[in-house]
Amino acid sequence: MENLEELKKEILDKINNSNVLKDLDDIRIAILGKKGKLTDMMKGLGSLPLEEKISLGKSLNIVKSKIEEAIEKQKKFLEEKALEEKLKSETLDVTLPIRPETQGRIHPVSKIYEEVAAIFGQMGFDVADGPDIEDQFHNFNALNMPANHPARQMQDTFYLNNDPTKPFDMDTAYVIRTHTSGMQIRTMEKQQPPIRIIAPGRTYRSDYDATHTPMFHQVEGLVIDKNITLAHLKGCLYDFMKAFFELDELPVRYRPSYFPFTEPSAEMDIGCLKTKNELKIGAGTDWLEVLGCGMVHPNVLRAGGINPDEYQGFAFGLGVDRLAMLKYGIPDLRTFFESDVRWLKHYGFTPLDFSSMTGGLSDNGGLTR
Ligand code: PHE
């Protein structure tokens with residue numbers, strides 16, 4: 001009996017001092033397993049006289065349940081400890097810098113899209129999205145350019161055969177859009193005035209030199225409401241240009257022009273200084289053309305299902321690539337599409353500098369660039 005008490009104490013100490021689950025299990029097997037110490041002792045009971053058998057048996061059972069209890073308790077404790085250690089070792093330090101941060105770059109064209117959306121976004125414009133492959137109705141007809149209209153020749157259009165099982169048919173052929181102006185019609189078809197949208201996107205014309213590539217980028221703008229005037233157009237685009245070039249003062253002028261879908265039509269120039277090696281925006285006596293614009297032609301409103309006696313508006317089309325070249329001093333447009341990583345490293349932007357009117361358009365104070 002005395003031995004049993006000692007043995008119990010010894011075993012309980014062992015259990016309570018065990019540090020890992022594996023050790024605890026070894027102890028359990030050594031005591032309670034098939035060939036365990038206590039199991040053996042219980043087996044030995046059989047050879048004892050009845051009275052001893054009863055009293056020792058009782059004591060052994062008590063010891064056994066005490067041991068089982070202790071093992072269970074220690075097991076729980078060790079399991080919790082193990083979990084805690086695992087969690088600790090798997091912690092992510094979210095304050096570490098993002099290592100590839102300096103690797104990727106945002107293309108200047110994407111940057112300009114961001115900037116344009118930030119500026120017009122603050123003026124309350126929505127951003128609309130439309131297809132690159134366009135039917136002639138949206139690209140031409142609805143824009144006051146019926147078949148054989150001479151203005152169709154102003155743009156060197158890529159035509160697509162819309163039914164490969166039949167010979168090419170000029171009348172039903174699709175085009176890859178020559179401008180984003182089709183989005184004026186698509187917007188009017190979907191939405192009643194007041195309308196205030198910009199529509200950025202890719203555009204295509206058969207053209208190739210230092211300032212023209214067959215694929216280029218535009219942002220269309222459309223505002224329609226009651227009592228919209230040319231003054232709104234002028235003020236809106238003037239504010240845009242100042243915000244875009246990040247200048248408080250910027251000379252601008254509107255030159256009369258012609259687009260079939262606007263009347264009157266104009267092109268907007270901004271003041272600059274052209275020297276041999278440099279172009280300085282906002283100073284000097286030279287002019288640079290930056291966009292086409294005008295009051296939406298009544299025929300266009302009609303084609304879009306809007307009553308021109310009730311509503312009027314203005315539209316504009318920005319050449320994104322040209323704006324990128326001007327703002328960031330990139331001399332050759334063709335380099336935009338060469339996918340040269342060195343070029344992108346030089347002219348590209350850090351992805352974390354998202355353009356905003358409050359945080360800065362192209363410059364966030366040099367925090368991450
Ligand atoms: N779509 C014209 C172009 O591609 C630009 C423009 C858009 C002009 C809207 C007036 C109004 O040149």
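Positions are given from 1 along the sequence.
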J.: Would you find a donor on one side and an acceptor on the other, under 3.5 Å apart, between the side chain of Thr262 and the backbone of Ser265?
T.: no

J.: Can you list everything that forms a salt bridge (Lys or Arg N to Asp or Glu O under 4.0 Å) with Asp40? Sequence neighbours excluded, please.
T.: none

J.: Using a strict cut-off of less than 4.0 Å between a Lys/Arg side-chain nitrogen and an Asp/Glu carboxylate oxygen, indicate whether Arg186 and Asp135 qualify as a salt bridge.
T.: yes

J.: Does Thr213 reach the side chain of Phe336, with side-chain heavy atoms less than 4.5 Å apart?
T.: no

J.: Can you find a pair of side-chain heavy atoms, one from His232 and one from Val223, that are under 4.5 Å apart?
T.: no

J.: Taking atom NZ of Lys75 and atom CD of Glu79, what is their separation to the nearest 0.5 Å?
T.: 5.0 Å

J.: Can you confirm whether more than 12 heavy atoms, excluding those of Asp209, are under 6.0 Å from its CG atom?
T.: yes

J.: Looking at His179 versus Phe261, is the centre-to-centre ring distance below 6.0 Å?
T.: yes

J.: Would a 4.5 Å heavy-atom cut-off, applied to side chains only, mark Lys226 and Pro193 as touching?
T.: no

J.: Between the side chain of Gln74 and the main-chain N/O of Ser18, is any donor-acceptor distance below 3.5 Å?
T.: yes

J.: Donor-acceptor pair, distance only, cut-off 3.5 Å: does the side chain of Asp207 make one with the backbone of Asp156?
T.: no

J.: To the nearest 0.5 Å, how far apart are CD1 in Ile195 and CG in Asp225?
T.: 9.0 Å

J.: For the atom pair CD1 (Ile54) and OG (Ser59), what is the distance rounded to the nearest 0.5 Å?
T.: 12.0 Å

J.: Please check if any side-chain donor atom of Asp340 sits under 3.5 Å from a side-chain acceptor atom of Thr335, or the reverse.
T.: no

J.: Does Gln136 reach the main-chain N or O of Ala173 with its side chain, forming a donor-acceptor pair under 3.5 Å?
T.: yes

J.: Look only at the side chain of Glu267 and the backbone of Ser257, and say whether a donor-acceptor pair between them is shorter than 3.5 Å.
T.: no

J.: Just how far is it from atom CZ of Phe316 to atom CD of Gln184, taken to the nearest 0.5 Å?
T.: 10.0 Å

J.: So among Tyr347, Trp343, Tyr328, Tyr113, which one has a ring pair (Phe, Tyr, Trp, His ring centres under 6.0 Å) with His107?
T.: Trp343

J.: According to a hydrophobic-cluster definition based on side-chain heavy atoms being under 4.5 Å apart (Ile, Leu, Val, Met, Phe, Trp, Tyr only), do Trp287 and Leu323 belong together?
T.: no

J.: Does a side chain donor of either Thr91 or Asp93 reach within less than 3.5 Å of an acceptor in the other side chain?
T.: no

J.: Give a yes or no on this: more than 12 heavy atoms of other residues, nucleotides or ligands lie within 6.0 Å of atom CG of Leu48.
T.: yes

J.: Is there side-chain contact between Leu222 and Met183, with heavy atoms separated by less than 4.5 Å?
T.: no

J.: Between Met215 and Ile133, is there a shared hydrophobic cluster once you connect ILVMFWY residues whose side-chain heavy atoms come closer than 4.5 Å?
T.: yes

J.: Kindly work out whether a path of hydrophobic side-chain contacts (I/L/V/M/F/W/Y, heavy atoms less than 4.5 Å apart) joins Ile119 to Leu237.
T.: yes

J.: Got more than 12 heavy atoms from elsewhere within 6.0 Å of CD, Glu310?
T.: yes

J.: Just wondering, more than 12 heavy atoms not from Asn307 lying within 6.0 Å of its CG?
T.: yes

J.: Is there a side-chain contact between Phe140 and Pro260 in this structure, where contact means two heavy atoms from C-beta onward sitting under 4.5 Å apart?
T.: no

J.: Answer whether the closest heavy-atom distance between the side chains of Arg342 and Lys345 falls below 4.5 Å.
T.: no

J.: Tell me, yes or no, whether the heavy-atom count around Tyr174 atom OH, taken from other residues, nucleotides or ligands under 6.0 Å, exceeds 12.
T.: no

J.: Are side-chain heavy atoms of Lys327 and Lys111 found at a separation under 4.5 Å?
T.: no

J.: So, Asn161 side chain and Lys166 main chain: donor-acceptor pair closer than 3.5 Å or not?
T.: yes

J.: Mind checking whether Ile71 and Leu32 have side chains closer than 4.5 Å, heavy atoms only?
T.: yes

J.: For the hydrophobic clusters of this structure (ILVMFWY residues joined by side-chain heavy atoms under 4.5 Å, transitively), does one cluster hold both Leu291 and Leu361?
T.: yes

J.: Would you please say whether a donor-acceptor pair under 3.5 Å links the side chains of Thr39 and Lys34?
T.: no

J.: Are Arg322 and Glu289 close enough for a salt bridge, meaning some N to O gap below 4.0 Å?
T.: no

J.: As a quick check of understanding, evaluate salt bridge (charged side-chain N to carboxylate O under 4.0 Å, His left out) for Arg196 and Asp126, giving each step before the final call.
T.: CA-CA 6 Å; Arg196 237 183 295 173; Asp126 287 333; over 6 Å; no

J.: Is there a chain of hydrophobic side chains (I, L, V, M, F, W, Y, each step under 4.5 Å between heavy atoms) that links Val20 to Phe77?
T.: no

J.: Whether the side chain of Gln218 engages the backbone of Thr180 through a donor-acceptor N/O pair (distance < 3.5 Å, no angle test) should be reported.
T.: yes

J.: Would one find more than 12 heavy atoms of other residues, nucleotides or ligands at under 6.0 Å from atom NZ of Lys190?
T.: no

J.: Surrounding CD of Glu338 (heavy atoms of other residues, nucleotides or ligands, distance under 6.0 Å), is the total greater than 12?
T.: yes

J.: In plain terms, say whether Asp25 and Arg28 are close enough for a salt bridge, that is, a side-chain N and a carboxylate O under 4.0 Å apart.
T.: yes

J.: Does atom NZ of Lys81 have more than 12 heavy-atom neighbours from other groups under 6.0 Å away?
T.: yes

